[in-house]
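Below you'll find the structure, written out as structure tokens, and then a few comments.
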Amino acid sequence: MSTAQPVPQRRTALGIPWPALLGLALLGLPRVVLHDLGLVHEGTFVNLLLVVVPPMVWIVTAVLRRVPNPFLTLLVLGLIYGVLLALTHQVLWDAAFDAPPTLGGNLSDLAPGTQAVIIRVFAAISSVFTGVLVGAVSGLIAWSLARRG
């Protein structure tokens, strides 16, 4: 009779399981939702907390878990956050604006539907870029802290 031995957990290249990465990325969504609904505003203490705390949690998590490459891990986490940010903005688009944004200059003559598509696509790209940038900066900080520890 053989005794079943526990299967050792294989450490992923990112050092944090995918469900945990998703959970960490979701920490940033309350600010997005509250901002898009007009319930929290730039320059307030609550907004500052909602902006700063999620990346701080990311950094602390990466350092405490001693992930193999904090920069890469938090860059991927930022990408996930950016995609969630883009999706949330798209879902709450109508609630975020009193009137739909429009293009100006030479593009102001485009049909309103075409303008909406262009603006939404660029907003989505901007959201993903923002997430990746937050992830990169957080990753650099975590990498720096991990090297010191």
Side-chain angles (χ1 to χ4, degrees), residues 5-107 110 114-149:
Q5 302 227 351
V7 177
Q9 288 195 346
R10 208 177 87 205
R11 190 173 175 126
T12 65
L14 297 176
I16 298 175
W18 286 102
L21 288 171
L22 178 60
L24 288 166
L26 287 169
L27 292 175
L29 286 191
R31 186 220 170 257
V32 178
V33 171
L34 294 172
H35 180 267
D36 283 1
L37 295 177
L39 300 173
V40 71
H41 304 285
E42 305 279 335
T44 64
F45 182 69
V46 171
N47 185 67
L48 177 65
L49 286 177
L50 292 170
V51 167
V52 172
V53 170
M56 286 177 55
V57 171
W58 299 358
I59 293 165
V60 168
T61 301
V63 171
L64 291 180
R65 286 191 57 100
R66 298 176 191 244
V67 300
N69 184 340
F71 178 78
L72 177 63
T73 299
L74 295 188
L75 185 68
V76 170
L77 178 51
L79 175 63
I80 295 167
Y81 168 65
V83 169
L84 293 172
L85 179 64
L87 292 172
T88 304
H89 280 317
Q90 295 300 316
V91 168
L92 297 175
W93 190 268
D94 292 331
F97 298 104
D98 293 329
T102 58
L103 298 172
N106 294 338
L107 301 176
L110 291 174
T114 303
Q115 288 190 37
V117 168
I118 292 169
I119 292 170
R120 283 178 175 250
V121 166
F122 277 90
I125 292 168
S126 173
S127 294
V128 172
F129 179 78
T130 297
V132 169
L133 186 61
V134 170
V137 171
S138 299
L140 285 173
I141 293 169
W143 175 79
S144 175
L145 292 172
R147 284 184 51 124
R148 291 183 184 180

Item to check | Heavy-atom closest pair, residues Leu50 and Pro30 | outcome: CD2-CB, 4.4 Å

Considering only distance and modelled atom types, tabulate donor-acceptor pairs under 3.5 Å from the side chains of residues 123-147, sequence neighbours left out.
residue, atom, partner, partner atom, Å
Ser127, OG, Ala123, O, 3.0
Thr130, OG1, Ser126, O, 2.8
Ser138, OG, Val134, O, 2.8

Checklist entry - With sequence neighbours left out, what residues match Pro17 under side chain to side chain contact (heavy atoms under 4.5 Å, CB included)? => result Pro19, Ala20, Arg65

Checklist entry - Going by the salt bridge (charged side-chain N to carboxylate O under 4.0 Å, His left out) test, which pairs reach into residues 14-24, not counting sequence neighbours? => result none

Checklist outcome for this item: Heavy-atom nearest pair, Leu29 first then Leu85, reads CD2-N, 4.2 Å

Next on the checklist: Within the 4.5 Å heavy-atom criterion, are Leu34 and Val46 side-chain neighbours or not?
Outcome noted: no

Checklist outcome for this item: Those residues at least two apart in sequence (or on a different chain) that pass side chain to side chain contact (heavy atoms under 4.5 Å, CB included) with Leu37 are Val33, Leu39, Leu92, Ala95

Checklist entry - If you measure from CG on Leu103 to CD1 on Ile119, what distance do you get to the nearest 0.5 Å? => result 4.0 Å

Checklist entry - With sequence neighbours left out, what residues match Asn69 under side-chain hydrogen bond (donor to acceptor under 3.5 Å, both in side chains)? => result none

Checklist outcome for this item: Quick note, salt bridge (charged side-chain N to carboxylate O under 4.0 Å, His left out) partners involving residues 74-87, not counting sequence neighbours, are none

Item to check | Sequence neighbours excluded, every pair satisfying ring-ring contact (aromatic ring centres under 6.0 Å, His included) that has a member inside residues 32-70 | outcome: Trp58-Tyr81

Item to check | Pairs flagged by side-chain hydrogen bond (donor to acceptor under 3.5 Å, both in side chains) wherever residues 90-101 is involved - sequence neighbours left out | outcome: Gln90-Arg120

Item to check | Test item: Gln115 side-chain N/O and Thr102 main-chain N/O as donor-acceptor pair under 3.5 Å | outcome: no

Next on the checklist: To the nearest 0.5 Å, what is the distance between CG on Leu75 and CD1 on Ile80?
Outcome noted: 10.5 Å

Item to check | Any residue meeting side chain to side chain contact (heavy atoms under 4.5 Å, CB included) with Val57, in chain and number order, not counting sequence neighbours | outcome: Leu24, Leu27, Val53, Thr61

Item to check | Gap between atom CE of Met56 and atom CG of Leu49 - 0.5 Å precision | outcome: 9.5 Å

Item to check | Residues that Leu14 engages under side chain to side chain contact (heavy atoms under 4.5 Å, CB included), provided they are two or more places apart | outcome: Thr12, Trp18, Leu21, Leu72, Thr73, Val76

Next on the checklist: Just so I know, are the side chains of Thr114 and Val117 near enough to count as touching, which here means a heavy-atom distance under 4.5 Å?
Outcome noted: no

Checklist entry - With sequence neighbours left out, which residue pairs that include part of residues 22-41 fulfil the salt bridge (charged side-chain N to carboxylate O under 4.0 Å, His left out) condition? => result Arg31-Glu42

